[in-house]
Amino acid sequence: MKISGSYFLPLPPEQAYQRLQDSQVLAEAMPGCESLDKIGEDEYRMKMKMALASLSGNFDGKVRITEQSPPNSFKLMVEGSGKVGFMKGEGLLKFTPKDAGTEVSYEGDVQVGGTIAAVGQRLIDGTAKMMIKRFFDKVAA
Amino acid sequence: MIPQQFEYSAPKTLDEALGLLAEGARPLAGGMSLIPMMKLRLSNPEHLVDLGRIKDLSYIREQGTVIHIGATTTHHDVESSPLLRGKCPLLAETASHIGDVQVRNMGTIGGSVAHADPAADYPAALQALEAKIVLKGAKSERTVSAADFFVDTFTTALESGEIVREVIVPVDGSGTGTSYQKVLQPASGFAIVGIAVRVRKQGDKVAMARIGVTGLSNRAFRATAAEKALEGRSGSPAEIQAVAALVGQGVDANSDLHASADYRLHLASVYAAKALAVALGRIA
Amino acid sequence: MATTTITKTEKLVGKRIRRREDPRLITGTATYVDDIKMPGMLYAAILRSPHAAAKIRSIDISKAKALKGVHAVFVGEDTKNAGAVPCGASLPGLRVPHHNVLAIDRVYLVGHPVAVVVATDRYIARDGVELIEVDYEVENAVADPEKALAPGAHAVHPQWPDNVAFTFHQEGGDVTKAFAEADVIVKQRIVSQRLIPNSMETRGVVADWHAADRTMNLYTSTQAPHLVRSLVAQILGLEENRFRVVAPEVGGGFGAKIQTYAEEILLAWISMKLQKPVKWIESRRENFLCTIHGRGHVDFYEIAAKRDGTITGIKLKIIQDLGAYFTVLTPAIPTLSVLMMPGLYRTPSISADIVGAFTNCTPTDAYRGAGRPEATHGIERMVDMVAAELKMDPAEIRLKNFVRNEEFPFPTATGLVYDSGDYSAPLKKAMEMAGYDKLRKEQVEARKQGRYMGIGLCAYGEICAFGPSPATPAGGWESATVKIEPSGQVTVLTGISPHGQGEETTFAQIVGDELGVGIDDVLVVHGDTSMVPYGIGTFGSRSTAVGGTALYFALQDLKATIKKFGEMLLESDDVTFAGGQCTCNKSGKSIGVKGIAAAAYRAMKLPPNTGPGLVATHFWEPPNFTFPFGAHLVVTEVNGETGDVSIKRYIAIDDCGNILNPLIVDGQVHGGVAQGIGQALWEQAVYDDNGQLVTGEFMDYTMPRAHMMPWIESGHTITPTPVNPLGVKGVGEAGTIGASPAVVNSVVDALSPLGVRHLDMPLTPEKLWKLISAGRNA
Ligand SMILES: Cc1cc2nc3c(=O)[nH]c(=O)nc-3n(C[C@H](O)[C@H](O)[C@H](O)COP(=O)(O)OP(=O)(O)OC[C@H]3O[C@@H](n4cnc5c(N)ncnc54)[C@H](O)[C@@H]3O)c2cc1C
């Protein structure tokens, strides 16, 4: 599934760029993230606990940052798998100055597999949007 | 289709239930949303507290200008209640559109509201009715407006340990017309779009318009721009069309296998027009 | 000697008799596989791949094994010698993937069984599955047959990088000439989308091995118990006579239970390994992923016609989405489409090519209609398109091209011989019932008002009653044994295996009429290989036409014996057996079946060359298929604002030959039509690009429900088949075959003012809304 959107951060592009690569910030902002450990250059191992209404599941995964072009863009890849299935998101984040801050636009692809893919079709779009919004809200905070 | 092991309690009193919930148990009402998720192991609660045996949690009572509906009141009870059909027909009509007979016999208003499925039917009506939702925890009780309660996809103002105790809807006096119009997703029966309209006229002008929308986006909401555009007008067919077109304005519509965002937005305006016309026609 | 019993004269065949199987079904007292419990029985749960294509790097079963209550955990390596899932079809050059019962090294579809946990109860087994850790190296997948055939596509099986399982060519007449001399040629790509069969009862197996006497009892929800017995016994190297397969109550099959599945082999193997009975019940989610799918065609049609509407030739290329491996008939299904491609039309020349494509998806196989719905959908769409091109009425072009009554038996360009028919009769009857001319006038009015009203026709034909044997993968005959018990009650053992079709009723009707006994005195036994003679099973609308005929002939044999006893007992050589009585035509004395049965078993005296008892067995091989036909007419209106289709009228006129029980025939037509409308409007298996089945539950896969169905106005014409003495053709699949083209033709007709000539299924409101809004803006 394709996803795209944008979010305004009240920070100059350089800072916004940095903030979105700061593992501490990522760990706090990624919904359900329980731990984020560096395992390589721009690569982290992540444990996540997703809880959405009565739905819950633990995911083991990775976060990777590639194609860095500071302070304009980079690619963020998040993947995780657990008993209920797996998910993989990949997106290009672009940073453009706007009104004393930065507009972060993203465009990418979300893949979902396993039980969640088969039973949650009508919810994947909305849930992805919500997760992304929660993420940026936290980043902005 | 086999859930994980879980503990099950069926307390007789609300206090007992709240005590268990405070310890991290999860409430079970009609089970129509929770149990399928448990069978698929998407949801793995360790302890379920069945609210179904609690005395006095299933009721529909008129009190002054409002009607109180207990959390475990089934969709069928709401649909068939003479009190609601007479005095808050929008809610009864909405209930009649939920799922199928079996689901309506089991599912409850508290469960539906707490679950906050973005395509559930009640939330549209509750928005249009400006309903209040009473939340109770072991130590506290608070009342939240529907507008504040539905936060996002499956996300509500409920804090952990709290339950929905009741829903409060207004008595709609004469001069009010309502309608709930729904586009069914044919597989699940959930709403692709559902529009609840509640209008009141004074003379030949619309004095109040409330439009609740579900299914379109991440949560049920009130289409306030459309409401404002209708108020003060007579509600002519041309006005209805113009107002209906505002319902989806600025909404980040959901898209799935069954309906793209564009189609959803289109349906929202078609069904809003329908609901508006029917509601205006029903003004006694 | 008793000489008086009531003579039965009223015939049972042809009456609307309620199904005798219903009381146990309605009261919940029927025994399905999951109702079977055995002392010490274990339960199996299967871990399945969440990926459509991956290498298995490692599997860690230690935690699962350590779980209390778990008896065993098996992985692919363990079952290496348990054999592979069998494919019964053979085609020249066919590439058959070896599908082990549990994956070895790699998985190639979501749902691929990877490991099995056996435990004391199903909860523990399921918990055990959760504890297995598999490390997958995920690969790209291909889930679309056209993409699979494109250069550079991911290879579903690395040894066959082009994803081509087979190609197949068939030709008849002179198609080159037909196209060279055509006045018009119409071309269209037509998709018959993948569908997911869903029976009320999912699959399930109980395997019960007794080592001491080397016997296996396998209870399985199947349509073909003997086939399962032959295949599984052979695969596991067991003795067929000690291998008993029981199909207890089977809650629907629709073709998806003809196959022999991995779980049947696996469970038998586990029971032998653990020396315990073991049960596995498919979950609904597994049913979506692991039971076969149906259809999955991309068809490229070209049709040649003369200006007067005469169809002279058809070219067809089928891309068949086979899925990742084969079940028993997978590659054979599209060949049935080729056989049926001319439909009911005289079409002298055809040319057909099939490319079977591997995809990382569930295998396709027989699903109600199996190959014939695709063919009928194609030809019936194409005929409408030719009519549109020539500005002819769709009824007229059909009437013009039908095989004529005097031409039967009619040899088709595809090598079949159509048995009998009056092809224009159902169409004319449907048009008359509908008031066709009036409807066309209403349509003109509707269009003036800007409404989208459509009238769709479909004249379908089908191949039923499989055999004869040389034309089938596993024999096309059927068996029946009739026993009159000493008490005079009658037991029928049949090789067919009904699971909703009602043969316990229709067969009893046949027996009742032939032997003159009451329907309640007849018991029809089926589905247990230790009780009934070898049989082929229930599929392809064959049960009554082939199994019923075997029964009919067994009854004739038995009647001859009865008569001999009658002659002996009445001491006359001028005896007639009728209405349950042997009557001496001279003395007028008579004796009933009961008395004869008593005498035959008491055997104080026997007729010449006759042994004691009253039993007859007959194996019947049909000389040809049967070819039922019919016409469906559908009136629809498409809502211009939303794209919703509403079916205003549904008329189904079916000719299935003689009708044994109109109530059952109606039921078959209604159910079939529901499935056909389901395909036309709602159902589709959707895979994403990664091979994830996204319509994997009823939340997203739209099964038609009662409230979504139109009122079906059904009627019949009756053209008995000469192929069997009952004159019956078959009706199990007719409704499905007729419905999808009729509905689609109707909707295309509704939208034709917008320039619409073709629509692929399902006709979702959004698809139609887009066309309508584009048309309006144009
Ligand atoms: C086939 C099918 C079709 C359906 N179609 C529709 C439809 O068309 N429209 C529609 O709106 N809904 C539909 N539903 C959902 C149905 O309305 C459910 O009944 C409802 O969403 C949940 O109510 P419940 O009482 O069954 O709650 P449960 O399933 O018991 O619980 C749902 C969730 O709410 C929590 N919960 C329950 N009660 C409370 C409470 N009082 N306070 C706090 N938390 C609580 C539970 O812990 C759980 O997380 C359908 C369901 C099915 C199975």
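Keep in mind that what you see is a predicted model, and the values were worked out from it rather than measured. Computed over heavy atoms, backbone and side chain alike; hydrogens, waters and symmetry mates excluded. By convention in this document, chain letters (A, B, ...) are assigned in the order of the sequence lines, proteins followed by strands, and residues within each chain are numbered from 1.
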Completion exercise
Bottom line for B/Ala187: the part with an atom under 4.5 Å from chain A's heavy atoms is neither
Practice task
Compare all side-chain heavy atoms of B/Asp256 with those of A/Ile124 and state whether any distance is below 4.5 angstrom.
Solution key: no
Practice task
Can you tell which part of B/Asp117 gets under 4.5 Å to a heavy atom of chain A, answering side chain, backbone, both or neither?
Solution key: side chain
Exercise for the section: Could you tell me whether the side chain of A/Thr115 reaches within less than 4.5 Å of the side chain of B/Arg41, counting heavy atoms only? Expected result: no
Handout entry: More than 12 heavy atoms of other groups within 6.0 Å of A/Arg19 CZ
Key = yes
Practice task
Kindly check if the number of other-residue, nucleotide or ligand heavy atoms within 6.0 Å of NZ (B/Lys136) is above 12?
Solution key: yes
Exercise for the section: Rounded to the nearest 0.5 Å, what's the gap from CG on B/Leu42 to CE on A/Met50? Could you check? Expected result: 10.5 Å
Problem - Interatomic spacing from CE in A/Met130 to CZ in B/Arg219 - rounded to 0.5 Å - result: 12.5 Å
Handout entry: B/Glu46, CD: over 12 other non-hydrogen atoms inside 6.0 angstrom
Key = no
Exercise for the section: Would you please test B/Thr155 and A/Arg134 for side-chain contact (heavy atoms from CB on, under 4.5 Å) and show each step? Expected result: CA-CA 12 Å; B/Thr155 311; A/Arg134 279 194 198 166; 3.4 Å; yes
Handout entry: Residues, nucleotides or ligands: over 12 heavy atoms within 6.0 Å of A/Gln18 CD
Key = no
Handout entry: Enclosure of B/Glu141 CD (heavy-atom neighbours >12, cutoff 6.0 Å)
Key = yes
Handout entry: A/Lys83 atom NZ: more than 12 heavy-atom contacts under 6.0 Å
Key = yes
Handout entry: Heavy-atom side-chain contact between A/Lys129 and B/Asn218 under 4.5 Å
Key = no
Exercise for the section: Step through the shown structure and confirm whether more than 12 heavy atoms of other residues, nucleotides or ligands are within 6.0 Å of CD on A/Glu43. Expected result: yes
Handout entry: Portion of B/Pro118 that has a non-hydrogen atom of chain A nearer than 4.5 angstrom
Key = side chain
